[in-house]
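This report concerns only the one structure given below.
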2 protein chains.
Amino acid sequence: MNSAVASDLPRYPASVTVDLVIFTLREDDLHVLLIERGNEPYRGASALPGGYVRPRESLDGAALRELREETGLDGRALHLEQLGAYGDPGRDPRGRVITVAYLALGPDLPVPVAGTDAADAVWVPVRRALGPGFGLAFDHGAILADAVEKARERLEYTTVAVSFCREPFAISDLRRVYEVIWGIALDPSNFRRKVLKTAGFVEPTGERRAAEAGRPAALYRFGGARDLYPPLLRSGEVAGRTREAVPVGGA
Amino acid sequence: MNSAVASDLPRYPASVTVDLVIFTLREDDLHVLLIERGNEPYRGASALPGGYVRPRESLDGAALRELREETGLDGRALHLEQLGAYGDPGRDPRGRVITVAYLALGPDLPVPVAGTDAADAVWVPVRRALGPGFGLAFDHGAILADAVEKARERLEYTTVAVSFCREPFAISDLRRVYEVIWGIALDPSNFRRKVLKTAGFVEPTGERRAAEAGRPAALYRFGGARDLYPPLLRSGEVAGRTREAVPVGGA
DNA sequence: ACTTTTTCTAGTCTTCTTGACCATAATGGC
DNA sequence: GCCATTATGGTCAAGAAGACTAGAAAAAGT
């Protein structure tokens with residue numbers, strides 16, 4: 001507040017929205033939920049789901065509501081965190097709109113729920129959404145790119161990777177999360193050692209899963225720890241059978 | 001955007017402000033720049049400097065402008081990054097105000113510049129600002145607490161600590177930054193080894209500084225690297241001569 | 001002048017973590 | 001039964017970090 005100014009609100013009125021970057025893993029690929037815009041501007045283009053923050057609503061509350069409306073899912077079942085605010089003056093041709101972006105992570109979600117706003121919501125591989133020729137509306141390309149980087153970083157220092165796994169899960173399921181999002185291959189044995197040694201990351205259920213191929217895997221559930229210490233750093237990781245990385249920096 | 005709605009802007013008009021958490025080190029203590037509010041609400045209380053985002057201004061631009069107005073400093077000389085958006089419905093009694101908080105880090109700054117908005121800006125030890133009996137206006141206590149945690153985290157994974165040092169600086173100056181912000185003591189020898197081994201953290205100037213006491217220290221400048229790999233993790237650090245930690249979680 | 005104090009600098013040693021491997025187990029398919 | 005495939009368990013060496021010892025270089029005190 002400028003303490004020398006005595007004016008009252010609102011000044012420079014603007015609209016505030018929340019936009020959701022909802023990630024999930026489908027077919028060993030990172031997907032993001034996008035909707036097709038039915039109105040101008042950017043009619044026909046894809047965009048992140050989102051909407052206006054209502055008068056008596058908190059930002060987090062608006063994000064939870066939109067998440068429920070778009071995916072039909074209870075936000076408490078997913079990982080949801082704020083990504084940041086985006087407010088460049090020209091980002092919305094209709095006027096001044098500041099958006100607060102949220103990052104949501106969840107297991108392979110039941111296809112977008114019909115009967116909601118998300119009737120025309122679709123899962124799109126992030127690789128494709130950020131690729132050339134896929135023009136996301138507004139500055140959603142930049143938001144998505146930031147979200148990918150944020151997700152990659154969160155995997156290093158927290159246990160959010162389990163948010164992508166439906167319980168019970170195998171260590172290899174968890175490993176695949178890291179491999180897909182980081183775009184590199186991890187050594188199964190070393191990854192396993194790290195996960196099991198980290199207190200509170202996972203805990204065994206006792207069950208094992210019939211495999212499509214190979215030895216059956218022991219199953220685990222989330223262990224309750226939020227932070228990962230020491231962190232699980234990407235970096236000097238396997239160079240060998242590198243998976244193609246999800247391109248970043250687009251839009 | 002809710003694709004099923006055809007309305008035009010603005011909907012649910014709100015005001016958008018930026019608030020700055022400007023940290024610096026003074027007398028071996030983490031200080032934050034606060035202003036005394038001259039108007040209602042919270043007249044007379046301390047608050048983070050900030051102000052309205054203007055119609056044609058980006059959020060980052062508004063933060064830079066406020067920084068210049070409040071400290072008289074060129075924002076490009078400081079580290080400045082977005083902290084996040086705060087928008088609880090009741091946070092400002094005057095109406096709906098969403099604020100985007102920024103974190104600014106700089107070396108012991110020349111006392112708040114007079115002749116600007118910041119005429120009554122003062123440096124306050126964070127410990128005190130977060131302590132009991134020091135009621136910050138609005139939700140600025142929570143924002144400040146988040147900023148402290150963010151700063152602590154940034155020190156682990158990035159080289160921003162140098163933002164607190166005026167060049168040229170000694171390794172021990174850098175160490176003091178970590179010690180003050182983390183609130184723990186670090187082993188001088190091990191810290192030195194870590195800093196010098198990390199490529200791009202610092203580079204020697206060749207000079208050395210006359211000491212008030214003890215052996216003169218070699219001087220360094222920033223090495224250009226932004227990220228710290230491997231990170232410099234707080235955690236199992238020295239328990240012995242622990243400095244009192246800056247309390248967090250207040251307000 | 002000499003000692004003490006202080007801080008910077010250098011090095012050792014042990015422990016922990018990681019990455020690179022290798023070997024074996026347990027399953028389905030042929 | 002043999003092979004492909006995945007899971008699991010272990011070894012080994014390199015690197016990083018914490019604990020510590022000690023020397024170097026200055027100011028301050030006696």
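The chains referred to below are lettered A, B, ... by the order of the sequence lines, with proteins before strands, and numbering in each begins at 1. Only a predicted model underlies this, so the values are computations on that prediction, with no experimental measurement involved.
- B/Ile171 places its CD1 atom 7 Å from the P atom of C/dT9, with the value rounded to the nearest Å.
- Atom CD of A/Glu156 is separated from atom C1' of C/dT17 by 16 Å (rounded to the nearest Å).
- Position along DNA chain D of the nearest nucleotide to A/Glu212 versus B/Arg208 favours A/Glu212 as the more 5'-ward residue.
- The pair A/Glu156-A/Lys194 fails the salt-bridge criterion, with no side-chain N (NZ, NE, NH1 or NH2) lying under 4.0 Å from an Asp/Glu carboxylate O.
- Per the geometry, CG belonging to A/Asp173 stands 13 Å off P belonging to D/dT6, to the nearest Å.
- A/Asp187 has its CG atom 12 Å from the P atom of D/dA7, to the nearest Å.
- For the residue pair B/Asp146/B/Tyr86, the side-chain donor-acceptor check at 3.5 Å is satisfied.
- Set against C/dT6, C/dT27, C/dC8, the side chain of A/Pro216 has C/dT27 as its closest nucleotide.
- What separates CZ of A/Arg193 from C1' of D/dT8 is a distance of 13 Å, to the nearest Å.
- Counting heavy atoms from C-beta on, the side chains of A/Leu136 and A/Leu34 come closer than 4.5 Å.
- When rounded to the nearest whole Å, the span between CG of B/Asn190 and C1' of C/dA10 equals 12 Å.
- Between B/Arg192 and C/dC8, a side-chain N or O to OP1/OP2 separation shorter than 4.0 Å is absent.
- Nucleic acid contact class of A/Ser189 (heavy atoms, under 4.0 Å, all strands): base.
- Between B/Gly214 and A/Arg215, it is B/Gly214 whose nearest contact on DNA chain C lies nearer the 5' terminus.
- The backbone N or O of B/Asp60 lies less than 3.5 Å from a partner atom in the side chain of B/Tyr102, making a donor-acceptor pair.
- Between A/Arg175 and D/dA7 there is a side-chain N or O to OP1 or OP2 distance below 4.0 Å.
- Among the atoms of the strands shown, only primed sugar atoms or phosphate atoms (P, OP1, OP2) are found under 4.0 Å from some heavy atom of B/Ala218.
- Rounded to an integer number of Å, the gap from CZ of B/Arg234 to P of D/dG18 is 14 Å.
- Contact check, A/Lys194 against C/dT18: a side-chain N or O comes under 4.0 Å of OP1 or OP2.
- Under a 4.0 Å N-O distance rule, the pair A/Arg127/A/Asp29 qualifies as a salt bridge.
- Between the NZ atom of A/Lys197 and the P atom of D/dT8 there is a distance of 17 Å, given to the nearest Å.
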